[in-house]
Amino acid sequence: MPENSRYRRFYKVVESIPEGRVATYGQVAQLAGKPGRARLVGHALSSLEEESDVPWHRVINARGEISRRGLGDSEHYQRVLLESEGVVFTEGGRVNLVRYQWR
DNA sequence: GATCTGACCACCG
DNA sequence: CCGGTGGCCAGAT
């Protein structure tokens with residue numbers, strides 16, 4: 001995905017998420033000036049290059065859970081990345097949003 | 001170019 | 001908190 005694509009707004013927002021904090025898709029969409037377009041964020045992240053500097057792993061869904069289509073292990077990978085930044089998961093494999101959501 | 005699909009969300013129950 | 005519903009929109013087919 002080229003840097004000059006129209007997803008650039010979203011990447012900019014994601015890049016500004018501090019370490020050890022998370023944001024929801026809807027939140028990113030809103031901060032990017034596209035309220036209600038949470039789905040676009042998902043598409044933006046899914047087309048993101050692996051070598052990108054964007055901390056895509058800090059974006060989770062509104063229930064505090066890691067979303068990913070069927071494929072198994074990359075979901076675990078995202079969790080490991082967050083845990084290495086100090087984010088603690090609950091028993092259900094979810095993040096305590098009131099505590100870790102970026103404001 | 002019509003239709004389907006999806007890293008979703010708000011709203012309701 | 002969980003499940004279903006409707007809506008939005010970019011890619012893939």
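Every chain is numbered from 1 and lettered A, B, ... according to where its sequence line falls, protein lines coming before strand lines. Just so you know, these numbers use all the heavy atoms, side chains as well, and skip hydrogens, waters and symmetry mates.
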Answer yes or no: does a side-chain N or O of R37(A) lie under 4.0 Å from OP1 or OP2 of dC9(C)? yes
In B/S/- notation, 5' to 3', how is nucleotides 8-13 of chain B contacted by protein heavy atoms closer than 4.0 Å? BS----
Tell me, do [X] and [Y] make a side-chain contact under 4.5 Å, heavy atoms counted?
| X | Y | value |
| --- | --- | --- |
| Y100(A) | L82(A) | no |
| W102(A) | L31(A) | yes |
| R58(A) | V14(A) | no |

Tell me whether I60(A) is reachable from V88(A) by hopping between hydrophobic residues (I, L, V, M, F, W, Y) whose side-chain heavy atoms are closer than 4.5 Å. yes
In whole angstrom, give the distance that lies between atom OH of Y7(A) and atom C1' of dC9(C). 8 Å
Rounding to a whole Å, what distance do you find between R94(A):CZ and dC2(C):C1'? 9 Å
Looking at every strand, decide which applies to L40(A) at a 4.0 Å heavy-atom threshold: base, sugar-phosphate, or nothing. sugar-phosphate
Salt bridge check: are R21(A) and E85(A) linked by an N-O gap of less than 4.0 Å? no
Measuring from atom CD of E83(A) to atom NE2 of H76(A), what distance do you get when rounded to the nearest 0.5 angstrom? 7.5 Å
